[in-house]
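Here is the naming used below: chain letters follow the sequence lines, and residue numbers restart at 1 for every chain. This structure is a prediction, so every number in the text was calculated from the model and none was measured.
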Number of protein chains: 2
Amino acid sequence: MNTNDSRVSRSRARLIEAGKELLMKNPKASLKEVAEVAGVGRATLYRHFETREELILEIARECFKLTSQVLRPIYTDCKLSAREKVRRGLEALMPLADSYHFLLSLWNIAEGDLEVLAYYGQQMDDLTSLIEQAQKDGDIRKDLSIEWISSIIDAQVYSAWWLIGQGQASVEQAAGFAVTSLFEGINA
Amino acid sequence: MNTNDSRVSRSRARLIEAGKELLMKNPKASLKEVAEVAGVGRATLYRHFETREELILEIARECFKLTSQVLRPIYTDCKLSAREKVRRGLEALMPLADSYHFLLSLWNIAEGDLEVLAYYGQQMDDLTSLIEQAQKDGDIRKDLSIEWISSIIDAQVYSAWWLIGQGQASVEQAAGFAVTSLFEGINA
DNA sequence: TTTTTATGAGACATTTATGTATCATAACCG
DNA sequence: CGGTTATGATACATAAATGTCTCATAAAAA
């Protein structure tokens with residue numbers, strides 16, 4: 001299969017999009033359903049992805065590529081304070097919240113893959129050193145462990161995804177909420 | 001089947017425990033696996049739960065009963081301030097974090113059941129009026145929507161579950177982290 | 001336009017999960 | 001202790017998902 005053929009890239013994109021959407025909501029969804037939603041024949045799905053697991057892993061890799069692509073420029077921008085990086089990162093992740101949620105929701109499968117694990121490790125490292133720096137700079141309190149802080153940053157994205165999905169907030173609103181409550185807390 | 005028979009209650013308890021553990025990690029886990037982990041014959045599982053869905057719903061109901069049992073006494077205690085109720089509720093939920101995560105992870109199925117939905121609605125109502133009260137009392141900031149606040153309270157429990165599962169914090173530590181970061185935020 | 005090739009439709013084999021039924025056994029209850 | 005009954009093991013039927021293969025067709029590349 002020639003990657004330059006427009007039919008190939010189109011089918012692939014559709015399958016990944018449909019798979020992300022469906023499997024995220026229902027991890028038991030069949031590949032038949034995925035192909036249907038993608039508007040593509042079932043046989044074509046198997047031409048692109050040898051097995052169900054391979055499809056899931058490819059989607060996971062794609063999700064990490066997306067988040068990396070968005071986060072990297074922010075995290076490596078020397079002009080920004082650590083706190084500002086977290087803030088911008090959080091905002092930038094909002095539109096990708098469904099990719100994020102896919103990874104959470106199918107993590108039991110995705111974590112079995114070396115490439116996915118490498119992406120994950122890299123993003124964790126980036127975030128960890130960011131938090132470390134911010135704590136050193138006195139921007140972020142030191143009585144919370146780094147693991148906890150990165151965990152609740154993840155959780156903010158998750159919350160935002162949930163709220164947006166319920167139709168109870170726009171992307172911009174959710175981003176604002178997330179940044180505020182993450183840094184200032186809910187205390188009056 | 002006689003509920004008073006000790007064999008019955010034992011089998012049921014084991015099946016629910018095993019199901020919670022397994023299906024939470026892997027929603028595709030088969031009932032054969034669940035029965036094996038429970039140390040119970042597959043046929044016995046079907047004697048207790050007519051279908052796969054019925055098992056999942058029963059576990060969900062059980063999870064809600066657990067959280068209700070823990071939360072109700074706190075929420076209805078008139079001596080406590082609204083803010084204190086949120087704090088104590090959060091701490092009390094920590095040991096039940098896996099029940100909580102089960103519900104999140106299988107929500108697509110659980111939400112289809114009226115009884116489960118009733119439990120959910122009740123807990124949401126309790127939490128909502130609590131937050132409303134706290135905002136009125138000036139304990140919780142008013143520039144965050146109620147939906148967002150309840151959403152990030154959930155998220156704290158989720159984060160705690162994750163961290164505990166990774167072995168990077170004890171239940172007590174996680175509870176402390178959650179309360180601090182929820183109320184004060186991560187600002188230094 | 002001509003050639004190449006990805007696709008859709010469908011048939012097919014295989015595996016696996018689901019749910020039902022039976023029967024001997026062992027655990028529980030009175 | 002003796003009767004009741006839940007259980008385990010097993011066999012069975014059914015349905016559904018997975019993965020492979022073929023062939024005509026349509027769409028892309030040359």
Side-chain angles (χ1 to χ4, degrees), chain A residues 1-62 102 105-106 108-110 112-113, chain B residues 1-62 102 105-106 108-110 112-113:
Chain A
M1 271 198 317
N2 180 2
T3 319
N4 295 328
D5 191 320
S6 66
R7 290 170 294 180
V8 173
S9 42
R10 193 177 344 131
S11 291
R12 182 186 156 90
R14 284 181 181 174
L15 284 166
I16 287 194
E17 200 46 49
K20 196 191 292 180
E21 203 182 298
L22 263 180
L23 296 170
M24 181 176 67
K25 282 183 201 152
N26 171 22
K28 282 198 76 175
S30 72
L31 298 190
K32 189 182 152 207
E33 292 177 82
V34 173
E36 272 167 9
V37 170
V40 151
R42 198 169 69 90
T44 297
L45 189 154
Y46 280 101
R47 286 187 192 104
H48 283 259
F49 310 98
E50 287 192 354
T51 66
R52 175 193 184 79
E53 185 172 345
E54 192 51 39
L55 169 65
I56 292 174
L57 293 181
E58 270 300 295
I59 299 175
R61 293 180 196 124
E62 213 59 49
F102 177 89
S105 154
L106 283 95
N108 56 48
I109 298 173
D113 181 63
Chain B
M1 270 199 317
N2 180 1
T3 320
N4 295 328
D5 191 321
S6 67
R7 290 171 293 180
V8 174
S9 43
R10 194 179 339 134
S11 292
R12 182 186 156 90
R14 284 183 182 172
L15 284 166
I16 287 196
E17 200 46 49
K20 197 191 291 182
E21 204 182 297
L22 262 179
L23 295 170
M24 185 175 64
K25 282 183 202 152
N26 171 23
K28 281 198 77 176
S30 72
L31 298 190
K32 189 181 152 207
E33 292 176 83
V34 173
E36 273 167 7
V37 170
V40 151
R42 198 169 70 92
T44 297
L45 189 155
Y46 279 102
R47 286 186 193 104
H48 282 258
F49 309 98
E50 286 194 353
T51 67
R52 174 194 185 81
E53 185 173 344
E54 191 52 39
L55 169 64
I56 292 174
L57 294 182
E58 271 299 296
I59 299 175
R61 293 180 195 122
E62 213 62 48
F102 178 88
S105 153
L106 283 97
N108 55 44
I109 298 173
D113 181 65

Undergrad: Rounded to the Å, how far apart are Met1(B) CE and dC29(C) P?
TA: 15 Å
Undergrad: To the nearest Å, give me how far apart CZ (Arg14(B)) and P (dA6(D)) are.
TA: 17 Å
Undergrad: With distance as the sole criterion, do the side chain of Arg47(B) and the base of dG19(C) form a donor-acceptor contact below 3.5 Å?
TA: no
Undergrad: Can you check the Phe49(B) CZ to dG19(C) P distance for me, whole Å?
TA: 13 Å
Undergrad: Are any side-chain N or O atoms of Glu33(B) and backbone N or O atoms of Ser30(B), one a donor and one an acceptor, separated by less than 3.5 Å?
TA: yes
Undergrad: Over all heavy atoms of both residues, which pair between Arg12(B) and Phe49(B) is shortest? Give the atoms and the distance, please.
TA: NH1-CE2, 3.9 Å
Undergrad: For the residue pair Arg47(B) and Met1(B), what are the closest heavy atoms and their distance?
TA: O-CE, 3.5 Å
Undergrad: Among the candidates dC28(C), dT18(D), dA6(C), find the nucleotide nearest to the side-chain atoms of Asn2(A).
TA: dA6(C)
Undergrad: Measure from CZ on Arg52(B) to C1' on dA15(D) and round the result to the nearest Å.
TA: 15 Å
Undergrad: Given atom CZ of Arg42(B) and atom P of dG8(D), what is their separation to the nearest angstrom?
TA: 13 Å
Undergrad: Is the shortest side-chain N to carboxylate O distance from Glu58(B) to Arg61(B) below 4.0 Å?
TA: yes
Undergrad: Closest approach to the side chain of Thr44(B), judged atom by atom: which nucleotide of dT7(D), dG19(C), dT7(C) is it?
TA: dT7(D)
Undergrad: Roughly how many Å is it from CD in Glu36(B) to P in dA17(C), rounded to a whole number?
TA: 10 Å
Undergrad: Tyr46(A) OH to dA9(C) P: how many Å, rounded?
TA: 16 Å
Undergrad: Nearest heavy atom decides the nucleotide; on that basis, is Ser11(A) or Glu33(B) closer to the 5' end of DNA chain C?
TA: Ser11(A)
Undergrad: With distance as the sole test, does Glu21(A) use its side chain to make a donor-acceptor pair with the main-chain N or O of Ala18(A) at under 3.5 Å?
TA: no
Undergrad: Between dG19(D), dT18(D), dT18(C), which nucleotide has the shortest distance from any of its atoms to the side chain of Thr51(A)?
TA: dG19(D)
Undergrad: It should be established whether His48(A) places a side-chain nitrogen or oxygen under 4.0 Å from OP1 or OP2 of nucleotide dA6(C).
TA: no
Undergrad: Let me know the distance between CZ of Arg12(A) and P of dT7(C), rounded to the nearest Å.
TA: 12 Å
Undergrad: For DNA chain C, whose closest nucleotide is more 5', that of Arg10(B) or that of Ala43(B)?
TA: Ala43(B)
Undergrad: Per the atom types in the model, does the base of dA28(D) pair as donor or acceptor with the side chain of Arg7(A) at under 3.5 Å?
TA: no
